[in-house]
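Whatever order the structure lists them in is the order used to number ligands and atoms, beginning at 1. As the structure is a prediction and not an experimental result, all values here were calculated from the model.
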Amino acid sequence: APPLLPLLPGEPSEESSLEEQRAAPDAGSPISSFFNSSGTKRLPQAIIIGVKKGGTRALLEFLRVHPDVRAVGAEPHFFDRNYERGLAWYRELMPRTLEGQITMEKTPSYFVTKEAPARISSMCKGTKLIVVVRDPVTRAISDYTQTLSKKPDIPTFESLTFKNRTTGLIDTSWSAIQIGIYAKHLENWLLHFPIGQILFVSGERLISDPAGELGRVQDFLGLKRIITDKHFYFNKTGNLLLFCCTILSFPWEMSSGLGLRSQWG
Ligand SMILES: Nc1ncnc2c1ncn2[C@@H]1O[C@H](COP(=O)(O)OS(=O)(=O)O)[C@@H](OP(=O)(O)O)[C@H]1O
């Protein structure tokens, strides 16, 4: 059972990355106290449920620019690790919203958690679900690279991937491979949600055509298309995607492997 330690609202869980912690609500800043002082904490109406290393952080941070979206920055891990804490605990993590605003969170491990679909459905059958999918091979490499950075002594990617290098037999029980068998996990979700309630976002297009993907996401969420191509530009090196939050005049930089950082920080 998960440890029942009292987490503060928005506090990242013990396994959250630095990237997540940087994106956690900046309690105490003048801007956040202004937004946090009014409205009501509501359970999320939309959740980014996966996939790990698909580009979920980028998507959530892009969406947070929308004035009708409020999201918890850190991953709550409610429907996998913290379910015993109860819905009141979960709601407490959420930012306050005004009428018409959507509450969101992202926890990519939900997609591969057997219990998550039934649990989310029992919270609200109408919850909108978003899955950022990415080529399973590059996803697995990204996953492996993250683990390697924490545990440099793990075996090579190749030796973990193949049961038998000569026959090419793949070890589908290795989590980096297992997570990428999207169809298998999806079956579990379709037992509880109609396909129309699940939006698949391309992790690749989130980099090559972010405005296009964000258009689809805003439509799916029933939001006015406010995030457009005006919010994105590539810098001169071509591989850094810069994202401008014009509402707060706060430029963020999203880049492959570099995560999210303020250009001012
Ligand atoms: N703008 C944009 N669009 C799409 N994807 C982007 C973007 N920016 C970063 N990235 C890449 O997303 C990878 C991290 O995915 P996640 O945020 O889902 O990771 S996590 O599961 O929350 O740890 C991670 O992939 P790798 O660099 O291959 O590890 C990020 O580089």
Just jot down the ligand 1 atoms closer than 4.0 angstrom to any heavy atom of [X], in number order.
{"X": "G203", "answer": "4 (C)"}
{"X": "F62", "answer": "1 (N)"}
{"X": "E75", "answer": "22 (O)"}
{"X": "P108", "answer": "21 (O)"}

Practice item. Looking only at distances, please establish whether an N/O atom of ligand 1 is found under 3.5 Å from an N/O atom of K52. Key: no

Check your understanding: Could you state the interatomic distance from CD1 (I130) to CZ (F111), rounded to the nearest 0.5 Å?
Key ->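 The CD1 atom of I130 sits 13.5 Å away from the CZ atom of F111.
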
Review point. Relative to each other, are the rings of Y90 and F78 parallel, tilted or perpendicular (30° and 60° limits)?
Key: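 It falls in the parallel class, under 30°.
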
Check your understanding: For ligand 1, is any non-hydrogen atom under 4.0 Å from R134's backbone (N, CA, C, O), its side chain (CB onward), both, or neither?
Key -> side chain

Check your understanding: Which atom pair, heavy atoms only, marks the closest approach of Y83 to S122?
Key -> OH-OG, 3.8 Å

Check your understanding: Is K184 atom NZ crowded by more than 12 heavy atoms from other residues, nucleotides or ligands, each under 6.0 Å away?
Key -> yes

Check your understanding: Any luck finding a side-chain donor-acceptor pair between R42 and T97 under 3.5 Å?
Key -> yes

Check your understanding: Which of the listed options, S208, G55, S202, P210, holds the heavy atom that is closest to atom 5 (N) of ligand 1?
Key -> G55

